[in-house]
Every structure is written in structure tokens, then in C-alpha cells.
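Take a look at the structure below.
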There are 2 protein chains.
Amino acid sequence: MSSQINPSLAMFEQLAKVARALGHPHRLMVLQLVGQSETAVEDIAARAAISMANASQHLQRLRQAGLVTSRKQGQKVLYRLADDTVLSLLAALRDIGERNLADVQQLIQSYFRQRDSLEPVSRAELARRIRHRQVTVLDVRSEQEFAAGHLPGAINIPVNELRRRLNELPRSQQVVAYCRGAYCVFSYEAVAQLRSRGFEAYRLEDGYPEWKAAGMAVESDGGPV
Amino acid sequence: MSSQINPSLAMFEQLAKVARALGHPHRLMVLQLVGQSETAVEDIAARAAISMANASQHLQRLRQAGLVTSRKQGQKVLYRLADDTVLSLLAALRDIGERNLADVQQLIQSYFRQRDSLEPVSRAELARRIRHRQVTVLDVRSEQEFAAGHLPGAINIPVNELRRRLNELPRSQQVVAYCRGAYCVFSYEAVAQLRSRGFEAYRLEDGYPEWKAAGMAVESDGGPV
DNA sequence: CCGGTATTCTAGAATTCAATTGATTACTTA
DNA sequence: TAAGTAATCAATTGAATTCTAGAATACCGG
């Protein structure tokens, strides 16, 4: 089945394998999680709400497609993205969806846009506001994800704790929230909550992995690795 | 199956659908063909060496994924790429393969590199040589593909006719050959043949669709459309 | 309106894929 | 070395995909 006479078809066969590896919602979710930081199978399974055996199988498929790599540390196996170019591939996929799929456009309209009628803040714009100390940067991912790396000076309040920890945020300046990526619901949720409490809140247009891949400054608390 | 409570998962479900549409070698082949010009199902089937019913099914799947669009003209249905961003998506897929898949690297080594030990010519470099009239540009695709659009001043000799039409190429200057895309075998084949006949021959790094998408000048003989 | 052509639809067989369950491996530490 | 933890493997089931073949549809030109 894989012994092709035509080298072009053989090449397409290989690339199709990569595409099929992207062809399952759980694997895209797993890629997003692994894109945050090097992560153990157990944590991935928990965050993606799937069984560990299932997560392991998905990760192996992603590894065979050259999308993630793994290394063993003690009893854990840590997975991470093979490359920053994987993020470009995911971005291209998103772009097609947004441009050409009615279902995606409707999803954006009916869920995401409703939650955030204002324009998101671009990376460059946020960097400028950070330099001028005009902004509180809020990371609404989990503690572990935050510890492994975050935007410079960011405050970490996981979104499910936001309601009872609002007092940690200064009301004197605007807040820009971010999370795992472009359509991670956490930052939408956070911005909606903050606005309803009177904050001037915005959302970063994408998440931590894209910020880091763009070569912008990051901080870390020395989490895993 | 598609009624997701979690909007993030619903989004991933949609994007996975796009990825699965790319997940078959024949569909990647079909995309490459459709990327040359607006093309009827019959022609696509013939060039991809698959049955017409099968081509029709693949095309419908690509359309549902927002990768191609179609319109009816007379009794024919003409398909074309939905977007130039589809080319970016394919390029990103290729990039992952080249970087991270041993099978792809080996395929490149064992077939493509062997046929073309010299570096390919970039678009910008070829454009410069065209301006300075230092080069014969050779299009080795089919007549129909050529007629629908080609590089400015290019000569069309389909690769299977090259051997007996060598006299149409001036020996006074170098030849740069191109075809459908990065790993289209035609241009490799052509360069190998030309070099063995004493020509100074090179390959363009990618094909006609990428040239056109980059906004560079093209010509057409007023083919379909 | 009819015959011919291009395409799509339908049904069915072979293949691949996804998720679960329970067993197994590899490693750590008590 | 034994117990425990993290991950993978193996086998199964049901679902989705792929391709073929033949039927059905849509449209053109006469």
C-alpha cells in the first residue's frame, strides 16, 4: 500500500498522513495543549477530558506524523510540538475555516463575537502597551501552564477562579486577557466577566504559543523542564 | 455528532473536517491539478488517473471543506481552488513533512535530489533573469494547463514530447523549467533530460500556482474562462 | 422534444479508524 | 526486591472511508 511507483503520489501519501493526523478534534485539542509547554500524557488526558490510553494513542499518531516529539523523564513521557512551524500549519487551517466554512463563520458569530464585540488586541499593540505600562496582562490558563511560560509581567488567575479573585486586578488601568490560542474560550469568558464588573477588558488576538513563536519576550517560573 | 456543547471542541471539529479532506493522496493530487486552472471533472479524473465518479466524490468532499469552489458552465462543472490561502496550507503541510518525516526526507534524497543535484532557482531570481533576458523559461505541463496561464514568455513543451522537440530550445542560454508545483516530477524529469543533452538547465523551486499567487506577472492564451 | 454527454447519486464490499477494556512494560522509590 | 505509578500495547466493537458499478439527473445541440 505504501510502495508507490510514482514519487509524486508517494509524496502525497506522506503528506496525507500528516493531514489525517490533524483530522480529529481531540488531536487538535491535544496539539493546542502540547503547544503550551512540554506536558505529560496524564495531564494532557485530564485537560482534554479523555482517557489516558486514548490520549497516548492520539499522541503516538501525532508523533508518527512529525507533529510532536517526546522524551522520557523519570516515569513520565513528556510531549511537545516538534516545531514552531506546526503552529503555522494550524494557523493556515484556521484561516481556511474562517474564510470558507459557513459553519465556522456561524460559530464565530454566535458564540465568540457575541462574547467580545470589541476588536482583539494584536501582539504588537500589546507589546507597546506593556512597554508603556498602560496595561495589566492577565493569563487565565492553569497554574501549571502559566508556570511553564507566560507573557512578561502577566498575572495568573485561572478562569474558574476569576470571580472570587477580582480584587487582585487593579481597576486603575485596562486589562488584556489571553489563554491558549485564538479560539480558546477562557479568554472570551474572562473578558465577558470583567466587563460586566466594570473593567475595561480586552482579549489578545491569539495565545501564548503564538506570542512565543513570534520571538517576543516571555517569562517562566521554572516549571517542567 | 456535530452538536457540541463546548464551542472550542465544535471549532476543532470543523477544522478537523478540513484536515481530513486533505488526508488522501488523490485529493492532494486533485488539489494540485485544480490549482493550475479552473478544470472540469473529466479532465481532473484523467490527469489523476482515477474514475470520474471517484473524482467527483473527492471534489465534493474538498468543496464541503471549503478548499475548492465549483460553477457550472454548459454541461461541465468547473472546479478551482477556493482561495490562494489553500496554497499556503499545502505549503505548510509540505514544510512539516520535509522537516519532520524521515520517509519524506528519504524520498527527496532518493528520488528528487538525485535528479537535480543543483539548487533550484527562486521566483525572485527567475524574475530577475527574465528581465535581463538571460533565460529560456520552459513550461513542461500539458497544453491545456499552459493555455490557461503561464509564466511570461515561457515556451510550452509537455515533458513527454521534450525528447523530440529539443530543437525548439535555444542552446545559447540557460533553461529554467517549471511545472505544477514543488514536487511535480515533470520539471525534474525535464531538467535531467536537458542536462544529459548538454543544456544548462535548472528547475524553478515551485510551480505555476505559487508564482501566480505571489502576485508575479502571468500570461494566458485565453483558455477556459 | 430527443439523444448524447458530463456529472452526481446509490448501494455494497473492503479497509481503516476511534474508543474501551484489561493486560503489560518501564521505571521509581520504599 | 516489591509495590506503585505512568504509559503503552492488544483485542474488540462500532463507525467512517474508499472505491466500484450501475442508475439517475441535468443540460446541450439539433
Side-chain angles (χ1 to χ4, degrees), chain A residues 1-4 9 12-14 16-31 33-34 38-65 67-80 144 224, chain B residues 1-4 9 12-14 16-31 33-34 38-65 67-80 144 224:
Chain A
M1 63 189 74
S2 61
S3 65
Q4 294 287 351
L9 251 195
F12 285 141
E13 175 69 58
Q14 292 299 317
K17 207 174 73 178
V18 179
R20 281 198 301 273
L22 293 171
H24 192 286
H26 283 166
R27 281 196 292 272
L28 291 176
M29 175 93 213
V30 165
L31 274 182
L33 293 170
V34 167
E38 213 176 17
T39 313
V41 181
E42 194 175 26
D43 296 338
I44 295 164
R47 285 181 199 150
I50 58 181
S51 76
M52 206 161 82
N54 197 198
S56 176
Q57 284 162 345
H58 283 312
L59 284 162
Q60 282 170 73
R61 187 118 188 231
L62 291 171
R63 185 174 49 201
Q64 279 166 19
L67 294 165
V68 306
T69 59
S70 65
R71 71 187 176 95
K72 203 151 191 183
Q73 192 186 47
Q75 358 189 159
K76 295 180 188 281
V77 176
L78 303 180
Y79 283 85
R80 64 185 159 117
Q144 296 91 326
Chain B
M1 65 188 73
S2 60
S3 66
Q4 294 287 350
L9 250 195
F12 285 140
E13 176 69 56
Q14 293 300 316
K17 204 173 76 177
V18 178
R20 280 197 303 272
L22 294 171
H24 192 286
H26 284 166
R27 281 196 292 271
L28 291 176
M29 175 94 214
V30 165
L31 274 182
L33 294 170
V34 167
E38 213 177 16
T39 314
V41 181
E42 193 175 27
D43 297 337
I44 294 164
R47 285 179 200 154
I50 57 181
S51 76
M52 208 162 78
N54 197 4
S56 175
Q57 284 162 345
H58 283 314
L59 284 163
Q60 281 171 73
R61 185 116 189 232
L62 290 170
R63 185 175 48 201
Q64 278 165 19
L67 294 165
V68 306
T69 59
S70 65
R71 72 189 176 95
K72 206 152 190 183
Q73 192 185 48
Q75 358 192 21
K76 295 179 188 277
V77 177
L78 302 179
Y79 284 85
R80 65 183 159 117
Q144 296 90 326

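Throughout, protein chains are lettered first and strands after them, A, B, ... in sequence-line order, and every chain is numbered starting at 1.
The CD-C1' distance, from A:Gln60 to D:dA10, rounds to 12 Å in whole Å. Between B:Asn54 atom CG and C:dT8 atom C1' there is a gap of 13 Å when expressed in whole angstrom units. B:Leu59 has its CG atom 16 Å from the P atom of C:dA6, to the nearest Å. In this structure, A:Ile44 atom CD1 and D:dT8 atom P are separated by 9 Å, rounded to whole Å. Taking atom NZ of residue B:Lys76 and atom P of nucleotide C:dG4, one finds them 18 Å apart after rounding to whole Å. We find that CG of B:Leu78 is positioned 15 Å from C1' of D:dA26, with the value rounded to whole Å. Per the geometry, CD1 belonging to B:Ile50 stands 9 Å off P belonging to D:dT20, to the nearest Å. Between the P atom of C:dC17 and the NE2 atom of A:His26 lies a distance of 18 Å, rounded to the nearest Å.
Distances from the side chain of A:Gln57 to the nucleotides D:dA10, C:dA18, C:dT7 place D:dA10 closest. Side-chain proximity of B:Ala53 to the nucleotides D:dA26, C:dC27, C:dT8 is greatest for C:dT8. Among the nucleotides D:dA6, C:dC9, C:dT7, the one closest to the side chain of B:Ala40 is C:dT7. Residue B:Val77 places its side chain closer to C:dT7 than to any other of C:dT7, D:dA6, D:dC27. Of the candidate nucleotides C:dT20, D:dA7, D:dC27, C:dT20 has the atom lying nearest to any side-chain atom of A:Ser51.
Phosphate contact (OP1/OP2 of D:dT18, side-chain N/O of B:Arg27, threshold under 4.0 Å): present. For the pair B:Ser56 and C:dT8, the criterion of a side-chain N or O lying under 4.0 Å from OP1 or OP2 is met. At C:dT16, none of the side-chain N or O atoms of B:His24 fall inside 4.0 Å of OP1 or OP2 (strictly under the cut-off). Distances shorter than 4.0 Å separate none of the side-chain N or O atoms of A:Arg20 from OP1 or OP2 on C:dT16. OP1 or OP2 of D:dC19 has at least one side-chain nitrogen or oxygen of B:His58 nearer than 4.0 Å. Close to C:dA6, at under 4.0 Å from its OP1 or OP2, lies no side-chain N or O of B:Tyr79.
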- [ ] Evaluate side chain to side chain contact (heavy atoms under 4.5 Å, CB included) for A:Leu31 paired with A:Arg27, printing each intermediate quantity in order.
- [x] CA-CA 6 Å; A:Leu31 274 182; A:Arg27 281 196 292 272; 5.8 Å; no
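Using a 4.0 Å heavy-atom distance criterion, A:Ala55 is classed as making no nucleic acid contact. If you check every strand for non-hydrogen atoms under 4.0 Å, A:Gln75 touches a base.
Rounded to the nearest 0.5 Å, atoms CD (A:Glu38) and CD (A:Gln73) are 7.5 Å apart. Taking NE2 of A:His26 as the start and CD of A:Gln57 as the end, the distance is 13.0 Å to the nearest 0.5 Å.
The residue among A:Glu42 and B:Arg61 whose nearest nucleotide of DNA chain D lies closer to the 5′ end is A:Glu42.
Within the 4.5 Å cutoff, the side chain of B:Arg63 has heavy atoms near those of the B:Gln60 side chain. Between A:Leu59 and A:Val34 there is a side-chain heavy-atom pair separated by less than 4.5 Å.
Within the 3.5 Å criterion, the main-chain N or O of B:Gly23 finds a donor-acceptor partner in the side chain of A:Arg20.
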